[in-house]
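To start, the structure under review is shown below, and the notes come after it.
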Amino acid sequence: MNKDIYILAIESSCDDTSASVIKNREILSNVVATQDVHKAYGGVVPELASRAHQQNIVPVVHQALEKANIAKESLNAIAFTQGPGLMGSLLVGSSFANSLAMALNIPLIAVNHMQGHILAHFIDDGKDHPNFPFLCLTVSGGHTQIVKVEDHFDMTILGETLDDAVGEAYDKTAKMLGLDYPGGPILDKLAQKGNPKAFKLTKPKVGELEFSFSGLKTNILQLIQREEKKNPNFKVEQLENICASVQYTIIGILMDKLQIAAQKTGLKEIAIAGGVSANSALREQLQKREKSHQWKVFIPKFEFCTDNAAMIAIAAYYKYQKNEFVNISTTANSRLKF
Ligand code: KG4
Ligand code: ZN
């Protein structure tokens, strides 16, 4: 019988400090410390993020080992997010992982954050996982990509955003409407009570698999400014209708592109990843396509959708199988590609 593999993974690419212990493909612990310090600024402040990572990393790793009920000495490897992400944030995780691997004299594994989001589908949690090849729509505060996944590490980006990420579009719109940060989930809730066709917003004209959300942001701002001239209480009185119209437009854009990608590749297994996977309209639309287009849709558990170290741990597990280790001096790369 094969020996069990235990890996400690660290994720620190943006504003969540996370550590996870995996035993083969099973997650034993997945601790996430979210940084509330950014709320007051309505977005992530990189300098504050790296400082908070420095404060959180030791207790988060300690808790992950404790929850998994495993001693450091039993670990087979240490994994970390190499990139993409915020440089200062990534450096905290990568230097911690380097030192720990060196102290324990065990291999070090570098993981691409975006591949981690996709490979979260392969965590052994009792749910079905997609079969290769499949499409993955990765949607979060930092990313908007459609990826063709042919194998664990054979992935091709078919299309991505030219400017803002979709979660960012949600958060920035929410900020314009006076909602708290992160605004995505709040806007989603309000949208469910409004009329999605109340206000017409324009979809961007970009390449057929490309995304762009910066024009939409301007479009929404112009709508608010124009209507406020007629009714100074417009934003408050029409809040649910504005949210519903924004949601309808954004999810419409995502579904249009996903449908083109599915058609072009002939693939019907469709996975989603990233924090925006929690969106009610996106889920509803995907479920509709299961019937109308015979898609098979895969949505990971929410804790594995948002930034977390469990997704880094599962990616590391597959790298361990291939002996894909990195030198102890391997450092972060904020613009890391697949
Ligand atoms: O994956 P994630 O936790 O972190 C990043 O890598 O960014 O994603 C967070 C993003 C935020 O922009 C948040 O507003 C958005 O996901 N989000 C949502 C919903 N829940 C989270 N956006 C729309 N609808 C939601 N229900
Ligand atoms: Zn992410």
Side-chain angles (χ1 to χ4, degrees), residues 9-18 20 30 32-36 38-39 41-46 49 81-86 89-90 93 111-121 136-145 147 160-161 164-177 179-194 196 211 213 216-217 243-244 246-255 272-286 299-312 314-315 334 336 338:
I10 294 165
E11 152 65 34
S12 69
S13 65
C14 188
D15 61 340
D16 293 305
T17 319
S18 182
S20 170
N30 181 33
V32 184
T34 307
Q35 304 176 358
D36 285 335
H38 308 286
K39 276 202 166 117
Y41 301 90
V44 178
V45 183
T81 304
Q82 189 181 15
L86 300 170
S89 291
L90 288 165
V111 173
N112 178 307
H113 179 84
M114 302 307 299
Q115 289 188 331
H117 269 301
I118 295 170
L119 294 174
H121 284 275
C136 187
L137 172 72
T138 310
V139 276
S140 75
H143 348 282
T144 310
Q145 290 185 334
V147 180
E160 61 187 330
T161 185
D164 293 348
V166 60
E168 208 177 343
Y170 265 102
D171 296 339
K172 286 180 176 170
T173 306
K175 194 174 176 184
M176 280 190 250
L177 295 170
L179 306 173
D180 276 348
Y181 175 83
I186 308 171
L187 201 151
D188 180 15
K189 252 200 196 123
L190 290 164
Q192 291 171 51
K193 296 188 223 144
F211 298 91
F213 294 102
L216 181 66
K217 211 172 50 195
C243 291
V246 171
Q247 171 119 305
Y248 177 78
T249 312
I250 292 181
I251 302 303
I253 295 170
L254 295 181
M255 293 309 300
I272 55 171
V276 183
S277 307
N279 186 269
S280 63
L282 179 60
R283 285 173 177 239
E284 194 183 303
Q285 288 303 318
L286 286 166
I299 308 175
K301 283 189 180 162
F302 187 64
E303 60 183 303
F304 304 139
C305 274
T306 54
D307 284 354
N308 68 85
M311 68 187 203
I312 305 305
I314 186 75
S334 64
L336 188 68
F338 280 4

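Count residues from 1 along the sequence. Remember, it's 1-based here, ligands and their atoms both numbered in the order they're listed.
Inspection of the Asn279 and Tyr170 side chains reveals an N or O donor paired with an N or O acceptor under 3.5 Å. In this model, no donor atom of one side chain and acceptor atom of the other lie less than 3.5 Å apart for Ser18 and Asn308.
Contact detail for Ala310 and Asn30: the closest heavy-atom pair is N-OD1, 3.3 Å. Of all the heavy atoms in Val32 and Asp307, the pair that sits closest is CG1-O, 4.2 Å. Nearest approach of Leu177 to Cys243, heavy atoms of both residues: CD1-SG, 3.9 Å. Shortest non-hydrogen contact noted between Ile250 and Ala169 is CD1-CB, 4.3 Å. Of all the heavy atoms in Ala273 and Cys136, the pair that sits closest is CB-SG, 4.0 Å.
Excluding waters, the set of protein N/O/S atoms under 2.8 Å from the Zn ion (ligand 2) reads His113 NE2, His117 NE2, His143 NE2, Asp307 OD1.
The 4.0 Å heavy-atom shell around ligand 1 contains residues Ser140, Gly141, Gly142, His143, Gly167, Tyr170, Asp171, Pro182, Gly184, Pro185, Asp188, Gly274, Gly275, Val276, Ala278, Asn279, Cys305, Thr306, Asp307, ordered by chain and number.
A 4.5 Å side-chain heavy-atom check between Gln247 and Asp188 finds at least one atom pair inside the cut-off.
A salt bridge is defined here as a Lys NZ or Arg NE, NH1 or NH2 lying under 4.0 Å from an Asp or Glu carboxylate O, and Asp180 with Lys39 fails to meet this definition.
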